[in-house]
> 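Below is the structure I would like to discuss, written out as structure tokens.
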Amino acid sequence: MALAESQEHNTLHFLVIPLGSPGHYIPTIDIAKLLAQHGVKVTIVTTPFNNLRFGSILDQAIESGLPISFLEFPFPYIEFGLPEGCESVDNLPDISLAKKLMEAYTSLQNQVEQYVENLNPRPNCILSDAYLLWAGDTAKKFQIPRITFDGMNCFTQLCNHILSLTKVYENVGELDSFVLPGLPDRIELRRSQLPFAFNSGTQDVKDFHEKLKVSEAEAYGVVINSFQELEQGYADEYQKVKGDKVWCIGPLSLCHKDVSEMVQRGNKSSIDKNDCLDWLDSQEKGSVIYACLGSISRIEPAQLVELALALESSRKPFIWVVRAGPKTEKIEKWIADEGFEERTKDRALLIRGWAPQLLVLSHPAIGGFLTHCGWNSTLEGVCAGVPMVTWPQFQEQFYNEKLVVQVLKIGVSVGAQNVVHWGEEEKSEVIVKSEEFKKAIEVLMKEGEEREERRKRAKEYSKMAYKAIEEGGSSYNNMKRLIQDIKNYTSIS
Ligand code: UDP
């Protein structure tokens, strides 16, 4: 065997397949970068518009010689009745097209399989989004171990596991609360706070979750965007459930140290980096509330008005990332008609579109993060050492709230009692009133021992996060362990 060829045979190769939703593809791209930093050759399956959005964040890494390449396939918009350029959940003009989007993703399977078929040697591992069930079939077909990633932490995985196993929620009324059995902490939830799979989901959704469970159980293992020290007790317990094939390798966002990477992570920032920094620099340390509700939020304008009024009456400087999917125009109209921006301009910065979240959170002026408790955002808040006001909306966000407020004790809840399923926002009225937001913000920001303790704890978790990813840290070691595991599996020395 020629030297180059033998090297090729000895280099571990991961095929990485992200899902088109920012909360999923952002951390998946980070995983690709981390793998490459550990000497693994990585090929990322992508499509044209997604590549434009997230590809550039890897430019520097690739230029510096990291072994990352893209495998771009055309996206079948027309065939699936999607508008051109719609390759990601946050671009969907209409929620009813979500199913079509998933089908369009599934149609990529043939092309991915042709690629794998013609490759010699074949990839050693397929690391794909858990929601792309077909990738599990592809892995089986070619007898390649498949690692899944679904963007959730061990705490959530364990809650879901326990609920599936015990079905404790089945015997309680919609508004009643119950304790999840067998967890290290006493975690109490209402049935109305549970994700789709356990709470009034349609049959389609329930069927999908059943298939997802089977697909995840068949997978070789799972990578988690979290770190062990943050999830004391929960990470170990989940490890037992999965027979050790769990690797906590986060916080993934910390793989971007460079300001320019932070700014372009996930999408093109809607605000100039310098304008954003100038504004933040002009604010007092720890004084600003940053309110951002993730990438796919479609919250009703009437509900957003409550939030806006609370931010205004808090008398704190604030950044509000204004986004409501297709309803953005309505909230913009309210802002204009009410003169909200004018009224608050001395202490508010409204960002329309995509905020450079990592950059904002890492600025010393930020004193609180009002978040929807999406796991990426929550963990980014932890990394920045910023206490949070928690306003969960859907999926596993109510679990994340419990972790932040009750277990880690670095957050204050606005007191949301019901999930507002994604895509069903119109069915809900105003769930959290302006007064409730205001109260939570006040508690979070009120000077005194309580705030200091919360801030101290948040800073400690932040330090632990940085330590976890350093050489010798828990996440660093877990990444090594994962790579060694796949090497052993494929007999690469
Ligand atoms: N994000 C961002 N700017 C925005 C909105 C979101 O950078 O204006 C990023 C955020 O930093 C996080 C991701 O998008 O990495 C959102 O993921 P999360 O799990 O928090 O919520 P989701 O969008 O999936 O509901």
Side-chain angles (χ1 to χ4, degrees), residues 18-31 33 50 53-54 56-57 88-92 95 98 129-131 149-153 155-156 195-196 224-226 250-256 259-271 273 276 290-299 304 319-325 328 349-363 366 369-384 386 388-401 403-404 411 419-423 425 465:
L19 177 75
S21 183
H24 287 242
Y25 70 64
I26 292 173
T28 309
I29 295 303
D30 294 346
I31 296 174
K33 182 176 173 188
N50 276 338
R53 289 173 116 196
F54 62 60
S56 55
I57 196 163
S88 178
V89 174
D90 60 318
N91 287 151
L92 287 172
I95 209 87
D129 196 282
Y131 283 47
F149 173 68
D150 64 11
M152 297 191 281
N153 53 45
F155 181 86
T156 291
F196 250 140
I224 304 276
N225 181 16
S226 188
L252 295 167
S253 61
L254 295 184
C255 74
H256 304 290
V259 169
S260 69
E261 284 187 347
M262 285 189 194
V263 172
Q264 58 181 322
R265 183 164 178 260
N267 213 339
K268 194 175 174 317
S269 170
S270 307
I271 180 167
K273 174 187 88 187
C276 188
Y290 168 63
C292 180
L293 306 165
S295 64
I296 56 172
S297 156
R298 304 166 72 96
I299 295 171
L304 285 180
I319 295 180
W320 176 26
V321 185
V322 183
R323 184 186 304 107
T328 303
L349 176 67
L350 305 196
I351 300 181
R352 269 87 176 197
W354 194 258
Q357 183 155 302
L358 293 188
L359 187 77
V360 172
L361 281 174
S362 63
H363 196 282
I366 300 296
F369 178 16
L370 192 149
T371 173
H372 72 311
C373 301
W375 182 240
N376 293 293
S377 295
T378 308
L379 190 56
E380 288 156 17
V382 168
C383 291
V386 175
M388 292 170 243
V389 169
T390 56
W391 181 27
Q393 311 283 321
F394 52 83
Q395 280 298 67
E396 85 286 8
Q397 294 163 8
F398 280 86
Y399 302 148
N400 294 339
E401 173 178 69
L403 181 66
V404 167
V419 88
V420 179
H421 291 311
W422 185 74
E425 295 81 0

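Bear in mind the structure is a predicted one, so any value in this text is a computation, not a measurement. All values below were derived from every heavy atom in this structure, side-chain atoms included, with hydrogens, water molecules and symmetry-related copies excluded. Counting convention: from 1, in listed order, for ligands and their atoms alike.
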> So, using ring-ring contact (aromatic ring centres under 6.0 Å, His included) as the criterion, who are the partners of His24 when residues are at least two apart?
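Once residues adjacent in sequence are excluded, the partners of His24 under the ring-ring contact (aromatic ring centres under 6.0 Å, His included) criterion are Tyr131.
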
> Of all residues at least two apart in sequence or in a different chain, which pass the side chain to side chain contact (heavy atoms under 4.5 Å, CB included) check with Arg323?
Val321, Trp354

> Side-chain contact test, heavy atoms from C-beta onward, threshold under 4.5 Å: evaluate it for Phe155 versus Glu396 and give yes or no.
no

> Please determine, by modelled atom types, if Glu380 and Ser253 share a side-chain donor-acceptor pair under 3.5 angstrom.
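Side-chain D/A pair, Glu380 to Ser253: absent.
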
> Any donor-acceptor pair under 3.5 Å linking the side-chain atoms of Ser88 with those of Arg53?
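Their side chains do contain a donor-acceptor pair, which is all the 3.5 Å distance test asks for.
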
> When you look for protein heavy atoms under 4.0 Å from ligand 1, which residues do they belong to?
Gly23, Ile26, Arg265, Cys292, Gly294, Ser295, Ile296, Val321, Arg323, Gly353, Trp354, Ala355, Gln357, His372, Gly374, Trp375, Asn376, Ser377, Glu380

> Applying salt bridge (Lys or Arg N to Asp or Glu O under 4.0 Å), can you list everything that pairs with Glu425, at least two apart in sequence or on another chain?
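Checked Glu425 against salt bridge (Lys or Arg N to Asp or Glu O under 4.0 Å); zero matches.
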
